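Just so it is clear, the model here is predicted, and its values are computed rather than measured. Both ligands and their constituent atoms are indexed starting at 1 by order of listing.
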Amino acid sequence: MQHPVEQLRTQQNLSDGELRALIATDRYDSELYRAADEVRRERYGDAVFLRGLIEFTNYCRNDCLYCGIRAGNRALSRYRLTPDEILDCCCEGYRLGYRTFVLQGGEDPAFGDEVMCAIVSAIRDAYPDCAITLSLGERSRESYERLYLSGANRYLLRHETASRAHYAMLHPASMSADNRRRCLYDLRDIGYQVGAGFMVGSPYQTVDHLVEDLRFLQELSPDMIGIGPFIPHGDTPLRDFPAGELTLTLRMLSILRLMFPYVLLPATTALGTIHPCGRELGLKAGANVVMPNLSPVSVRQKYALYDNKICTGEESAQCRSCLERRIEAAGYRLVADRGDVRRA
Ligand code: 5AD
Ligand code: FES
């Protein structure tokens, strides 16, 4: 019988049972990491792509049970950046070599289509050579179309969990797994490069749920897949659940790299939060993107999706050079271009 890691790498056709077995054991971890790193190097070499993350509002109308910026968290001090402040972040980012900006925020009604399209157009005019990525949650198809026509290229919307039953345990009744899927398919149809993803070790998650996540991703075939460990936030209903595990997260990164050789896979801030070398370990397990923060230091602590988030005190330039050192020490090379997906 072929070794499961080799089988995944060469044929990508493991059955649900075989995937379940691979996810549930640490037996193959070093082989998984090695195979994932080889596949990533075949496709992308030693390049690690940079995305400048601008967390522009922590107002959110949603009440996801795990998230620190949920509407129900009255303890949080809220902020919004003005369009000029957002453009200042892009300006600083451009100076530091960033060619992709990720505008991420809660679902804030103050950023309706008029305001958001004006911001995207202004960035598009000022930086025609940059990719504009949006991460604004669930909106109507029409809204996604207008933003695309204003110049946005990419959209990140994690599906969070592909199991409808599990989704219902992590979200209020007002939200649905089906609407989230609708959003992802709309975004893909419109022409965005799309990023989906999920938390590892979220409350009530089982190995079967993770297999469902992989199957959903095969169906959607996204350009980017964002995963990171769940980390409890003290002011949320899920505060007493343990954080997701480092090794399980790394294993899932490697499995994703083997199943989706082309995909853009970030080593996330959450991974760097649960372990001092989490992001470096993520890169070695197959990740090829990092998303340092470009938000003003004055607001960083307020964008607290989970507790103990790293990089909240560092200036953008410090984060940029810190990451460059870390990436090179891990044996990779930081590349400051748009970093488009390489499907073929
Ligand atoms: N721990 C880890 N990740 C979280 N996110 C939200 N809350 C948490 C948490 N407590 C993730 C979600 C969301 C992304 C922006 O951050 O997956 O899609
Ligand atoms: Fe932000 Fe190191 S990456 S300080």
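Taking CG of Leu258 as the reference point, atom CZ of Arg9 lies at 7.5 Å (rounded to 0.5 Å).
In this structure, the protein non-hydrogen atom closest to atom 2 (C) of ligand 1 is Pro229 O, 3.3 Å. Looking only at heavy atoms of the protein, atom 4 (C) of ligand 1 is closest to Met199 SD, 3.5 Å. Here the protein heavy atom with the shortest distance to atom 11 (C) of ligand 1 is Arg158 NH1, 3.6 Å. Counting protein heavy atoms only, atom 7 (N) of ligand 1 is closest to Tyr66 CD1, 3.3 Å. In this structure, atom 15 (C) of ligand 1 lies nearest to the protein heavy atom Leu305 CD1, 3.9 Å. Counting protein heavy atoms only, atom 1 (N) of ligand 1 is closest to Ile231 N, 2.9 Å. Closest protein heavy atom to atom 13 (C) of ligand 1: Glu160 OE2, 3.3 Å.
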_Before you tell me yes or no, could you show the steps for Val335 and Asp46 under side chain to side chain contact (heavy atoms under 4.5 Å, CB included), namely the whole-Å CA-CA distance, both residues' side-chain angles and the distance that decides it to 0.1 Å?_
CA-CA 9 Å; Val335 171; Asp46 57 2; over 6 Å; no
*Audit row: Asp189, Arg141, salt bridge (charged side-chain N to carboxylate O under 4.0 Å, His left out) steps and yes/no*: CA-CA 10 Å; Asp189 283 355; Arg141 182 178 178 118; 3.5 Å; yes
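Close contacts between ligand 2 and Arg279 involve ligand atoms 3 (S) [criterion: under 4.0 Å to a heavy atom]. Of all atoms in ligand 1, listed by their number and element, those nearer than 4.0 Å to a heavy atom of Cys67 are 7 (N).
Excluding waters, the set of protein N/O/S atoms under 2.8 Å from atom 2 (Fe) of ligand 2 reads Cys322 SG.
Leu149 and Leu103 fall into different hydrophobic clusters, defined by Ile, Leu, Val, Met, Phe, Trp and Tyr side-chain heavy atoms under 4.5 Å apart, directly or through other members.
With a 6.0 Å cutoff to the six-membered ring centre and a 45° limit on the axis angle, Arg180 does not count as a cation-pi contact of Tyr167.
Side-chain N or O atoms of Arg300 include one that pairs as donor or acceptor with a backbone N or O of Cys311 at under 3.5 Å. At least one donor-acceptor pair closer than 3.5 Å links the side chain of Ser321 to the backbone N or O of Gln318. At distances below 3.5 Å, not a single donor-acceptor pair connects side-chain atoms of Arg279 with backbone N or O atoms of Arg326.
Here Tyr66 and His171 bring their ring centres to under 6.0 angstrom of each other.
Note on Arg95 versus Glu92: salt bridge recorded, some NZ/NE/NH1/NH2 to OD/OE distance being below 4.0 Å.
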